[in-house]
Amino acid sequence: MSESAEKVERSDTAWRELLTPEQYRVLRQKGTELPFTGVLTENRATGSYHCAGCGALLFDSKAKFESGCGWPSFTIPAETAAVEEHEDLSLGIRRVEVTCARCGGHLGHVFPDGPLPDGLRYCINSASLRFERAKVPGS
Ligand code: FE
């Protein structure tokens, strides 16, 4: 069983203790951070993006692109199984919600307007992510 296949389940109280208020609002209450406010939106460093709730690897910096939408945007998850997608009919429109497959945390939404060849834009809240910079050889 891969690391990401083990589900993480915590009580609401435990999540509140573990997460910052903003992380809790986004990850556990399906909140959305204001556009252009997240610390990782403009991040261009090489590394990996992990779930801020459970640490699962979600995205690689190779898949990050400048969408201009105000949130970190990726063309593809690090592994297909890392995220789950759910129909979201809130706000009166059909969107596809993206959650962490391991802990169920809300990450953001995926839209069909990304760059080719995949044509997808995973629009992800910075608050849902923890960035790990790639180790530079010799440093
Ligand atoms: Fe997670």
Side-chain angles (χ1 to χ4, degrees):
M1 182 185 279
S2 76
E3 193 187 350
S4 61
E6 292 172 40
K7 299 286 182 189
V8 169
E9 287 184 35
R10 292 190 174 94
S11 68
D12 187 62
T13 305
W15 282 121
R16 280 187 190 273
E17 287 174 0
L18 186 76
L19 302 173
T20 68
E22 176 70 349
Q23 287 172 335
Y24 178 84
R25 186 181 74 81
V26 174
L27 281 165
R28 308 312 308 177
Q29 299 186 306
K30 302 189 186 302
T32 301
E33 66 198 13
L34 292 171
F36 301 103
T37 63
V39 294
L40 295 171
T41 305
E42 304 286 324
N43 183 36
R44 291 176 179 80
T46 299
S48 51
Y49 292 83
H50 298 253
C51 176
C54 73
L57 172 63
L58 299 176
F59 299 96
D60 190 276
S61 59
K62 288 197 293 286
K64 195 170 188 290
F65 69 103
E66 300 298 321
S67 69
C69 74
W71 292 275
S73 299
F74 303 88
T75 55
I76 196 169
E79 290 178 55
T80 310
V83 300
E84 289 178 350
E85 300 182 1
H86 316 268
E87 183 173 55
D88 175 8
L89 298 174
S90 65
L91 304 183
I93 49 170
R94 184 185 178 276
R95 293 181 296 167
V96 178
E97 181 198 9
V98 180
T99 60
C100 172
R102 191 200 229 174
C103 73
H106 173 78
L107 304 175
H109 291 84
V110 58
F111 299 95
D113 58 9
L116 296 174
D118 298 299
L120 295 175
R121 170 172 60 97
Y122 285 81
C123 182
I124 306 298
N125 291 280
S126 286
S128 300
L129 298 172
R130 179 172 55 76
F131 178 68
E132 257 179 46
R133 190 178 286 267
K135 290 195 174 59
V136 180
S139 70

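We count ligands from 1, going down the list as the structure has it; atoms in each ligand are counted the same way. Here the structure is a predicted model, which means the values were calculated and not measured.
A search for side-chain hydrogen bond (donor to acceptor under 3.5 Å, both in side chains) contacts involving Asp113 returns Arg121, not counting sequence neighbours. Listed by chain and number, the residues in a side chain to side chain contact (heavy atoms under 4.5 Å, CB included) with Glu132 are Ser48, His50, Arg130 (sequence neighbours excluded). With sequence neighbours excluded, the residues satisfying salt bridge (charged side-chain N to carboxylate O under 4.0 Å, His left out) with Glu66 are Arg44.
Tested against Phe59 for a ring pair (Phe, Tyr, Trp, His ring centres under 6.0 Å), the candidates Phe131, Phe74, Phe65 yield a single pass: Phe74. For the side chain to side chain donor-acceptor pair (under 3.5 Å) test with Glu97, the passing option among His86, His109, Lys30 is Lys30; the others fail.
Taken to the nearest 0.5 Å, the CZ atom of Arg94 stands 7.5 Å off from the CG atom of Leu89.
Only protein N, O or S atoms were scored, and 4 of them lie under 2.8 Å from the Fe ion (ligand 1).
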